[in-house]
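Just so you know, ligand 1 is whichever comes first in the structure, and atom 1 is the first atom listed for that ligand.
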Amino acid sequence: MSVLIVGSTALDSIKTHKAENPRLLGGSASHAAVAASFFAPVKLVGIVGQDFPNRYIQLYKKHNIDIEGLQIVPGKTFHWSGEYEVNMNNRRTLATELGVFESFTPVLPASYLKTGFVLLANIAPGLQHHVLDQMTRPKFVVADTMDLWLNIAMPDLLKLLRRVDGFVLNESEARQLTQEDNLVRAAKKIHKLGPKYVIVKKGEHGAILSGPSGMFISPAYPLEKVVDPTGAGDSFVGGMMGHLSTTRGSIESNLRRAMIYGSVVASFCCEGFGLTSTHRVTRAAIDERVKTLEALTKF
Ligand code: AMP
């Protein structure tokens, strides 16, 4: 089955204490789509301006990502810039220029409407709703978000949570949403808002799943060197959805392994700026890291 992914398609300018890279291919949907493409066919929904470099279109194509749902319109592509502190865990946004995103209305091509797996990657919850409104009974829908939407679009986000099967957010967002410090209790509160599956991302400490058959802890792959963690969360959920869409049987029985695959793709993402490391990865290299992670966590 294929995975439909909607989210931001961006140019990212990223600064670390070691280097500065302007106008890299970024955005939640780009990271998630490339991550998912290692496992399944991907249909991308997004918008870019006419300044979007052709080499980035070619990169999507190289990964067999269907870009019929990518609008290319006059104007500037969404541009985000951020700077990391030396420890690479803390990041601050330097600028967000919406450009063509300001007037974005996602319109799904007819060939997208019956896609079984849907990832509503980080984007305004109103747009996530708009995509779901157009779909014909998807099998499994997961939404991601960010603190900005908790701050400025909470009513839309709460409505969205009643329409999705899974919700992915990071630990500070989980605390903000539930006013609960303890993540186990926070996950329980989020279930009450709608999603059957709640996944709390903990950066270099992995992720926690809470679902009908209890909890699961997915480790992060231990890296000696982190170059740029931008998009790791999107790669995690993209890889997870890509892998999940290829498995037989119930979501319940396949989600844990899918999370491990997501975690491994996210580790590759952190090893280069933007998508530079992820897009060179092979399926064999992913499988190898999954095996290592299995050995590392067996007891
Ligand atoms: P992450 O590191 O997982 O938080 O994702 C970083 C990606 O989010 C970058 O590639 C940005 O282009 C994208 N991004 C930053 N701000 C926003 C926003 N307001 N809406 C959608 N995507 C964003």
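Through side-chain heavy atoms spaced under 4.5 Å, either directly or across other Ile, Leu, Val, Met, Phe, Trp or Tyr residues, V107 is tied to no other residue.
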Inset, instruction - Go through the steps to decide whether K139 and F117 satisfy the test side chain to side chain contact (heavy atoms under 4.5 Å, CB included), and finish with yes or no. - result: CA-CA 6 Å; K139 181 175 152 71; F117 286 74; 3.7 Å; yes
Which donor-acceptor pairs under 3.5 Å do the side chains of residues 231-245 make with protein atoms, sequence neighbours left out?
{"residue": "S235", "atom": "OG", "partner": "G231", "partner atom": "O", "Å": "2.8"}
{"residue": "S245", "atom": "OG", "partner": "M1", "partner atom": "O", "Å": "3.3"}
{"residue": "S245", "atom": "OG", "partner": "G242", "partner atom": "O", "Å": "2.8"}

Do any side-chain atoms of residues 211-227 form donor-acceptor pairs under 3.5 angstrom with protein atoms, and if so which ones, sequence neighbours left out?
{"residue": "S213", "atom": "OG", "partner": "E252", "partner atom": "OE2", "Å": "2.2"}

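The shortest heavy-atom contact between H130 and T105 is NE2-CG2, 3.5 Å.
In this pair, Y261 and F39 present their aromatic rings perpendicular. The plane angle is above 60°, beyond the 30 to 60° band.
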Expected rows: ligand 1 N/O, protein N/O, dist below 3.5 Å:
{"residue": "ligand 1", "atom": "2 (O)", "partner": "R91", "partner atom": "NH1", "Å": "2.9"}
{"residue": "ligand 1", "atom": "2 (O)", "partner": "G231", "partner atom": "N", "Å": "2.7"}
{"residue": "ligand 1", "atom": "3 (O)", "partner": "D234", "partner atom": "OD2", "Å": "3.1"}
{"residue": "ligand 1", "atom": "4 (O)", "partner": "R91", "partner atom": "NH2", "Å": "3.0"}
{"residue": "ligand 1", "atom": "5 (O)", "partner": "D234", "partner atom": "OD2", "Å": "2.9"}
{"residue": "ligand 1", "atom": "10 (O)", "partner": "D12", "partner atom": "OD2", "Å": "2.4"}
{"residue": "ligand 1", "atom": "10 (O)", "partner": "G27", "partner atom": "N", "Å": "2.7"}
{"residue": "ligand 1", "atom": "12 (O)", "partner": "D12", "partner atom": "OD1", "Å": "2.7"}
{"residue": "ligand 1", "atom": "12 (O)", "partner": "D12", "partner atom": "OD2", "Å": "3.4"}
{"residue": "ligand 1", "atom": "12 (O)", "partner": "G27", "partner atom": "N", "Å": "3.3"}
{"residue": "ligand 1", "atom": "22 (N)", "partner": "S8", "partner atom": "OG", "Å": "2.8"}

